[in-house]
Amino acid sequence: MANGIRYFVGNWKMFGIPSSYKILDKINGYFIKDKKNNKKYKIIIAPPLTLLQDFSKRFKNKKINISAQNCYHKDNFGAYTGNVSPFMIKKLGINYIIIGHSENRASGENNKIIKEKVALALKNNFTVIFCIGENKQEKKNKKTIKVLKKQVSKVIKNKYNFKNIIIAYEPVWSIGSGKLPSPHELKKNAIELKKFLREKFRLNYNPKLLYGGSVDKNSVHAFKSIKELDGFLIGGASKSSKNFVDIIKNFYK
Ligand code: PEP
């Protein structure tokens with residue numbers, strides 16, 4: 001069961017310019033006003049790399065947490081043109097990082113690279129939002145749980161402190177498509193995945209699990225009864241303050 005704080009994580013992908021901080025100002029304003037529920041959830045927004053430093057400073061003492069969307073799989077400094085290490089991102093005051101997003105997997109990130117990224121992110125004291133998910137064919141072949149277990153096992157080491165890892169279950173076929181798993185199916189997968197994580201990593205608490213894939217103000221209704229979910233990773237609908245806030249409003253309605 002998800003009995004702790006809920007997470008609403010926005011992944012802006014390749015979107016945003018310096019003036020886009022105004023979107024976060026509005027979301028921050030909503031959080032402050034939402035006295036009834038705001039102790040129950042946390043907002044994390046992942047803008048592109050170009051905005052991390054500015055947003056990290058602007059929202060340092062506010063209610064929005066800033067996350068990176070990715071990092072390079074080598075640390076510190078080095079001759080890796082165009083790349084940025086976990087160490088460099090951490091120095092901006094960022095505490096969260098998304099790793100293993102399916103869009104990055106699709107452009108060549110394999111488990112070995114993802115494993116290195118997670119290791120370096122944890123070494124730099126990030127909380128890692130680790131994305132896993134099956135594709136359409138794997139779902140059709142009823143391989144979902146097998147795929148999820150493999151993606152976790154190839155990357156997460158037994159010695160890691162799971163309190164610094166948030167799993168984001170994002171079916172690839174659902175991202176940006178408007179297609180959703182049925183609540184029954186999602187609940188079943190969430191239960192099975194959490195059980196696997198508790199057993200494999202010998203956890204005496206429940207690991208955190210988010211769902212991502214076409215979450216918006218309408219679809220969130222279908223998922224709010226799934227107590228096993230600790231929140232949502234939201235792509236398209238996180239780029240507008242209204243759409244993002246409506247998800248939170250509808251979740252607590
Ligand atoms: C995502 O990119 O992680 C995502 C879930 O996107 P969307 O909400 O647009 O499906």
Side-chain angles (χ1 to χ4, degrees), residues 6-16 20 23-24 27 41-52 64-71 94 96-109 114 117-118 121 126-136 138-139 144 147-148 151-152 155 165-183 185-187 189-190 193 208-224 226 228-251:
R6 285 228 159 50
Y7 292 79
F8 293 90
V9 183
N11 171 18
W12 278 13
K13 312 189 188 200
M14 198 172 76
F15 168 87
S20 307
I23 298 171
L24 294 201
I27 298 173
Y41 63 89
K42 197 176 243 201
I43 294 174
I44 304 172
I45 301 286
L49 208 51
T50 47
L51 302 179
L52 283 181
I64 310 262
N65 299 276
I66 303 296
S67 171
Q69 294 178 12
N70 203 357
C71 60
I94 309 283
Y96 294 89
I97 190 159
I98 297 172
I99 296 181
H101 193 282
S102 60
E103 285 156 10
N104 296 325
R105 290 179 191 256
S107 48
E109 245 182 31
I114 294 170
K117 291 186 181 193
V118 170
F126 280 98
T127 294
V128 172
I129 301 169
F130 175 50
C131 300
I132 56 174
E134 84 285 6
N135 65 28
K136 200 171 156 193
E138 290 160 342
K139 175 178 161 54
T144 297
V147 169
L148 302 183
Q151 286 173 337
V152 168
V155 168
I165 299 172
I166 300 172
I167 301 286
Y169 168 46
E170 300 207 295
V172 181
W173 51 269
S174 174
I175 293 178
S177 68
K179 296 197 175 84
L180 298 163
S182 71
E185 191 184 0
L186 181 53
K187 187 177 174 79
N189 288 340
L193 188 55
K208 290 187 174 32
L209 177 66
L210 313 182
Y211 167 74
S214 297
V215 174
D216 61 20
K217 63 179 177 183
N218 300 316
S219 62
V220 77
H221 281 295
F223 300 139
K224 58 186 181 187
I226 306 178
E228 289 73 17
L229 295 179
D230 300 271
F232 302 95
L233 180 50
I234 302 152
S238 70
K239 295 181 299 195
S240 132
S241 55
K242 179 168 184 334
N243 290 346
F244 190 76
V245 162
D246 279 350
I247 292 172
I248 300 174
K249 279 186 188 161
N250 285 352
F251 184 81

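As the structure lists them, so they are numbered: ligands from 1, and atoms in each ligand from 1.
When every heavy atom of Ile247 is checked against every heavy atom of Asp216, the shortest pair comes out as CG1-C, 3.5 Å.
In Asn11, the part holding a heavy atom less than 4.0 Å from any atom of ligand 1 is the side chain.
With sequence neighbours left out, Ser241 forms a side chain to side chain contact (heavy atoms under 4.5 Å, CB included) with Ile23, Lys26, Ile27. For Ser238, the side chain to side chain contact (heavy atoms under 4.5 Å, CB included) partners are Trp12, Ile234, Phe244, not counting sequence neighbours.
At least one heavy atom of Gly213 sits closer than 4.0 Å to an atom of ligand 1.
In terms of protein heavy atoms, atom 5 (C) of ligand 1 is closest to Glu170 OE2, 3.0 Å. The shortest contact between atom 8 (O) of ligand 1 and any protein heavy atom is with Gly235 N, 2.8 Å. Atom 1 (C) of ligand 1 has as its closest protein heavy atom His101 NE2, 3.2 Å. Gly236 N, 2.8 Å is the protein heavy atom nearest to atom 9 (O) of ligand 1.
The atoms of ligand 1 that sit less than 4.0 Å from any heavy atom of Gly176 are 7 (P), 9 (O), 10 (O). Under a 4.0 Å criterion applied to the non-hydrogen atoms of Leu233, ligand 1 contributes the atoms 3 (O), 5 (C). If you number the atoms of ligand 1 from 1 as listed, the ones under 4.0 Å from a heavy atom of Lys13 come out as 1 (C), 2 (O), 6 (O).
Side-chain atoms of Gln69 do not come within 3.5 Å of backbone N or O of Asn11 as any donor-acceptor pair.
Counted by atom type alone, Asn70 and Lys117 present one or more donor-acceptor pairs between their side chains at under 3.5 Å.
Using bins of under 30°, 30° to 60° and over 60° for the plane-to-plane angle, the ring pair Phe8/Phe232 lands in the tilted bin.
A salt bridge is absent between Glu170 and Arg105: the closest approach of a Lys/Arg side-chain nitrogen to an acidic carboxylate oxygen does not fall below 4.0 angstrom.
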